[in-house]
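Here's the structure we're looking at; comments come further down.
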Amino acid sequence: MEIVGLNRDKKRALCLFAGLLAFFLGLLAAGGVGVYNDSQQYITMHIHREPLYPLYLAAFRAVCGEGYLTAAMAGQGILTAVGITLLAEYLTKRFALRLWEELLIVALQLLPHLITRYVSALGIFLENSVMSEGLCIPLFTIFVYFLLRMLFEGKWRDAAFALVFAYLLSMTRGQMMTTILLWALLLGIRVLAHKKYRVLILCASAVIFVFLLRDLTVHVYNYGVTGYFMGNTYGQVNTLTNVMYACDEEDREVFEEGDLEQAFFDNFYGKAMNQRLNYVYAGENFDERAAYLEEHHDILKFRILEAELSAYYFGLGEVDYYEQSSMSDEMAGRMIKKLLPACFGQWLYDYILLCRNGFVRSIAVVHPFLNFAALFLYVLAAGLLVWQMSVKKRFQAAVVMGTALLFIAANVCATSMTIMCLSRYMIYGFSPFYIALYLLVREVCEGRLLWRSGQDEAE
């Protein structure tokens, strides 16, 4: 039966959305809700977690009661279907794609969900899981949709929506604060290209406002939940973990003899060496050293740093969990400032190891063969991008690829500062990269065909 009142494009979009909805809700019905170790922290609104996902779950709990998790997972699936449809339809119209090409764009957006389930060590279907990625992925897709509209259409409305979604992303996962900076960078480039220099002040003010708003929102949220007007804790302990991993025994000399910071260092370092949680026990080659760090990061963090800090501050008496978390984070921050300059060379080497794996996992899976394949794809993408940017009036796909590469670089570099680059942290860049790569190859091929056609006509 024909859908009355809708044109061909709208009918296609509706059919696409219905198919995606059936896919995600069908998987939810078949597999049920996934609850994992981190899930409880979101459900209980833990101080370590950003506000948006716990509030998302709380809203469903208030409305749906006992079955709220199933309803929340359905909501994630619906939002994901909306995001995929929006981006696929926009790219189809912008690049005049054929139907099979639009279906390819859709398939490339579905792949990350299947990879995390069937290929990565994580082994879960994110949209059916009580994890912030289940909400963050569709929000990111919609952010990319508005970001590309901002770049191509040049409308302030799209820029405003892109910034709103960047803010929401930063409130879902801390690493996604990079989307705010990406928005600022790309809008700034566009403004400079059109020589509207005064607008840069507005852009900078908007970025400052959003970061301040994010900080205020987190503090207000934590005050409502815990009674303490404070930010999220544990970030500094995360960062200290990789710093301690890179330390040598003589690095204790950066602290004053006999002070508390030195006592913590001696405790951390001694137990880390006893349990082989230091860079000196890693392998000889690049791959072995990267794998060793990733395998031992959480052990060093949870069993030694967090355990020792918690035991000390709880031992003071009259200290609740939130005060202990804040004190631990403060101590970790002070130790980082003194230790990092002393062990910077080894820390930087380890940081590069983590970044290498992060870049690979953004578009592939870490494996000796796939590592080289990923490098080849990055070089190919960069080469095609530069080639197309040098060809006048044929750089739309290069803009999409430039956006994808900038996000991947920002995401990898930011995540590697605090923790290892697991697949679920890196998966956001997968679809934008391969979509952009296809559009680039397509645009280059079309350009060659046009050139050959012009040559034939000239002859």
Side-chain angles (χ1 to χ4, degrees), residues 17-86 109-143 165 167-176 217-218 220-222 224-226 232-234 298 302 321-322 325 419 422-428:
F17 174 71
L20 289 168
L21 204 59
F23 174 78
F24 285 109
L25 296 184
L27 285 175
L28 176 61
V33 177
V35 179
Y36 305 96
N37 292 337
D38 290 349
S39 301
Q40 198 60 31
Q41 291 192 358
Y42 296 113
I43 293 170
T44 59
M45 298 183 165
H46 198 281
I47 191 68
H48 294 169
R49 300 299 177 178
E50 287 79 7
L52 188 58
Y53 195 59
L55 288 173
Y56 171 81
L57 296 176
F60 277 93
R61 185 163 56 239
V63 173
C64 303
E66 188 174 343
Y68 78 96
L69 285 180
T70 301
M73 299 306 101
Q76 291 174 183
I78 293 169
L79 193 59
T80 304
V82 170
I84 292 175
T85 302
L86 283 174
Q109 293 186 77
L110 289 176
L111 273 177
H113 303 278
L114 301 177
I115 288 172
T116 53
R117 176 64 182 88
Y118 298 109
V119 179
S120 76
L122 192 63
I124 66 174
F125 192 73
L126 290 174
E127 294 310 315
N128 294 346
S129 304
V130 185
M131 301 179 74
S132 60
E133 286 81 7
L135 182 60
C136 206
I137 289 175
L139 290 178
F140 178 72
T141 304
I142 298 172
F143 164 74
F165 276 92
Y167 164 75
L168 293 176
L169 283 165
S170 74
M171 296 293 293
T172 310
R173 289 202 64 84
Q175 77 190 72
M176 284 300 183
T217 306
V218 171
V220 170
Y221 163 81
N222 285 331
V225 174
T226 69
N232 291 118
T233 59
Y234 208 55
D298 280 354
F302 290 121
Y321 179 78
Y322 304 108
S325 293
I419 198 170
L422 299 179
S423 295
R424 65 187 176 104
Y425 304 151
M426 298 295 104
I427 203 68
Y428 304 97

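Just the heavy atoms: all of them, side chains too, but no hydrogens, waters or symmetry mates, feed the values below. Being a predicted model, the structure only gives us computed values, none of them experimental.
- For the atom pair CG of Asn222 and CD of Glu50, the computed distance is 10.0 Å after rounding to the nearest 0.5 Å.
- In this structure, Leu135 CG and Leu52 CG are separated by 5.5 Å, a value rounded to the nearest 0.5 Å.
- Between Phe143 and Met176 the shortest side-chain heavy-atom distance does not fall below 4.5 Å.
- Taking all atoms of both residues into account, the shortest heavy-atom contact from Ile427 to Pro112 is CG1-CB, 3.3 Å.
- In terms of heavy-atom proximity, Ile47 sits nearest to Asn232 at O-ND2, 2.7 Å.
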Val130 and Met73: side-chain contact (heavy atoms from CB on, under 4.5 Å), yes or no, with the steps? CA-CA 7 Å; Val130 185; Met73 299 306 101; 4.0 Å; yes
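- Going from atom OG of Ser129 over to atom CG of Leu69 covers 11.0 Å, rounded to the nearest 0.5 Å.
- Residues Phe125 and Leu28 form no side-chain contact, since every pair of their non-hydrogen atoms from C-beta on lies 4.5 Å or further apart.
- Side-chain contact between Phe17 and Val82 is present, with heavy atoms from C-beta onward closer than 4.5 Å.
- Of the possible polar contacts, one joining the Gln175 side chain to the Tyr425 backbone as a donor-acceptor pair under 3.5 Å is found.
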Check the pair Ile137 / His113 against side-chain contact (heavy atoms from CB on, under 4.5 Å), numbers first and verdict last. CA-CA 9 Å; Ile137 289 175; His113 303 278; 3.8 Å; yes
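- The side-chain heavy atoms of Ile43 and Leu57, taken from C-beta on, include a pair separated by under 4.5 Å.
- Of all heavy-atom pairs spanning Thr233 and Ser325, the tightest one is OG1-CB, 3.5 Å.
- At distances below 3.5 Å, at least one donor-acceptor pair connects side-chain atoms of Tyr56 with backbone N or O atoms of Gln76.
- Nearest heavy atom pair, residue Ser39 against residue Gly34, reads OG-O, 4.2 Å.
- When every heavy atom of Tyr221 is checked against every heavy atom of Pro54, the shortest pair comes out as OH-CB, 3.3 Å.
- In this structure, the separation between CE on Met45 and CD on Gln40 is 12.5 Å, given to the nearest 0.5 Å.
- Between Phe140 and Tyr428, the ring-plane angle classifies as perpendicular under the 30° and 60° cut-offs.
- Contact of the Gln109 side chain with the Thr141 side chain is registered, since non-hydrogen atoms from C-beta on lie closer than 4.5 Å.
- At least one side-chain heavy atom of His46 sits under 4.5 Å from a side-chain heavy atom of Tyr321.
- Pairing each heavy atom of Met131 with each of Tyr42, the nearest pair is CA-CE1, 4.0 Å.
- Annotation: side chain of Met171 is not in contact with side chain of Leu55 (no heavy-atom distance under 4.5 Å).
- Inter-residue side-chain proximity for Leu110 and Phe24 is flagged as met; some heavy-atom pair is nearer than 4.5 Å.
- Rounded to the nearest 0.5 Å, atoms OG1 (Thr226) and OH (Tyr322) are 6.0 Å apart.
- Taken to the nearest 0.5 Å, the CG atom of Asp298 stands 7.5 Å off from the CG atom of Leu422.
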